[in-house]
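First the structure, in the form of structure tokens, and then the observations on it.
Note that the structure is a prediction, hence the values are computed from the model and not measured. Atoms considered below: every heavy atom in the structure, side chains included; atoms not considered: hydrogens, waters and symmetry mates.
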Amino acid sequence: MTTAHRLPTGFTWGAAMASYQIEGAVTEDGRRPSIWDTFSHTPGRVAGDDTGDVACDHYHRWPEDLDLMRDLGIAAYRFSIAWPRVMPDGRTVNQKGLDFYRRLVEGMLERGIRPMATLYHWDLPQDLDGGAGSGWLGRDVTDRFADYATVVGQALGDVVPAFLTLNEPQCAAFLGYATGEHAPGRIQDGLAYPAAHHLNLAHGKGVLALRAVLPATAEVAVTLNVHQVEPASDSDADLAAAAHVDAVANRIFLDPMLRGSYPADLLTGTRHLTDWTYVRDGDLETIHQPVDFLGVNYYNPAWVGASGERAWAGTDRAFVVDVPRPRTVMGWPIEASGLTRLLGRLHDDHGLPLIVTENGMSGHDVVDADGGSHDPERIEFIDAHLRAVADAVAQGVDVRGYYVWSFLDNFEWAWGYEKRFGIVHVDFETQVRTPKDSARWYRDVIARGGLEGARA
Ligand code: IFM
């Protein structure tokens, strides 16, 4: 290995999870349903009709889970706050919900784990989504989100040093409103665009609300699943399709948040789907707030062409193209170098510090007769992606941390419990946690402060 695989001093080694995927306890201490409770309880929406009712029972088992994190040397935990626990109807504060997160965060600090809180990882209070024109299709939700950000900032700002407004608004808008694979399960391409705009607006209002109540030292940012879009060929048609996907999946969030405008090719390329009249005077100024870093979730590149069998979410002008690559059990192609390209592009375009807030792979992991859970493919995957991060750093990109997705196996949205992303195996019958080989390997990487073979 070469010095190119060094990661910077002070690099944060973390793990990430999200509320609905792990907490369970969906009716406890005043929590009311989110759109994901409704969706998962609708037959046929989630594989096996699985729900998050119990999930990893993290609501009760968090001390054990944090002990395990500490024992593995995980330095930072990116968790998410369930809006329907803190404001069950989206409007009224529930102190018991805030108390839970206070206990959780204090538990992290007692164990030397740095908290990073995501405000919105898709569990919108159901009471804010009453159908047509509500939920992320309306503007009211953006003010409700600002109120929620104020409440959380006031309650936890003294103990949480970093907040993310949203996780992957592209999934919330396009899988929630165009393809219907995610809650609330609406299926109409044109709906994804007002949803995306209102998510952008909620981000801007959320940053303003947080900054108004947080200490000046607190970091505020957002996490995007920026797609590393690759044209299927260098034909003009495929290049145009790739540029179109970069607009509808990436720049639709990056540009308003980080530049204060929607890209012209996004507006012209989607005119047949939406009229954009929901963008009002002053919205772009509100959305364009300084952030302290950009959170980037990366799993795989996306190959895109002008024709194919599967249209890209939210458009009829570009298609997903299957290229021969090794794949995870999600069917996602594996190409670590895509992460280097993506980090380089974001650095070149926006020049702000980057943190990989999610990366990892799904498997069908089991606990073997020897009591271990052996996942050599995940070790290989994470190792390759950490090297890809180090390659970006060697090229001058400011990458400050890496959070493996996920710490525990958990509820993988429309896939239920079938796909396991954890570095810790969870037996969902007994709730027994078993660190996989990848967890011990990650512990050694963290203890070493870098990758095996990398020279200081
Ligand atoms: O499980 C999800 C997570 O909630 C958001 N990012 C992608 C992960 C894997 O699909």
> Are E335 and R341 within salt-bridge range, i.e. N to O under 4.0 Å?
Replying inline: yes
> Think R85 forms a cation-pi with Y59, using NZ or CZ under 6.0 Å from the six-ring centre and within 45 degrees of its axis?
Replying inline: yes
> Can K419 and D409 be counted as an ion pair, charged N to O under 4.0 angstrom?
Replying inline: no
>> So that I can tick it off, tell me whether R345 and D349 are bridged by a salt bridge, with the cut-off set at under 4.0 angstrom between side-chain N and carboxylate O.
In response: yes
>> Please determine whether a side-chain nitrogen of the Lys or Arg among D275 and R271 lies less than 4.0 Å from a carboxylate oxygen of the Asp or Glu.
In response: no
> Any ion pair linking D398 and R400 (charged N to carboxylate O, less than 4.0 Å)?
Replying inline: yes
> Within a reach of under 6.0 Å around CZ of R280, are more than 12 heavy atoms found that belong to other residues, nucleotides or ligands?
Replying inline: no
> Hey, is CH2 on W332 packed in by over 12 heavy atoms from elsewhere, all under 6.0 Å?
Replying inline: yes
>> As a quick check of understanding, evaluate ring pair (Phe, Tyr, Trp, His ring centres under 6.0 Å) for F39 and W122, giving each step before the final call.
In response: CA-CA 12 Å; F39 190 75; W122 310 347; over 10 Å; no
> Hey, is D365 close enough to R378 for a salt bridge, meaning N to O under 4.0 Å?
Replying inline: yes
> Any ion pair linking R91 and D147 (charged N to carboxylate O, less than 4.0 Å)?
Replying inline: no
>> Whether D292 and R211 form a salt bridge (side-chain N of Lys/Arg under 4.0 Å from carboxylate O of Asp/Glu) is what I want to check.
In response: yes
>> Do the side chains of E23 and R31 get close enough for a salt bridge, i.e. N-O under 4.0 angstrom?
In response: no
> Does the distance from a Lys or Arg side-chain N to an Asp or Glu carboxylate O, for D50 and R45, drop under 4.0 Å?
Replying inline: no
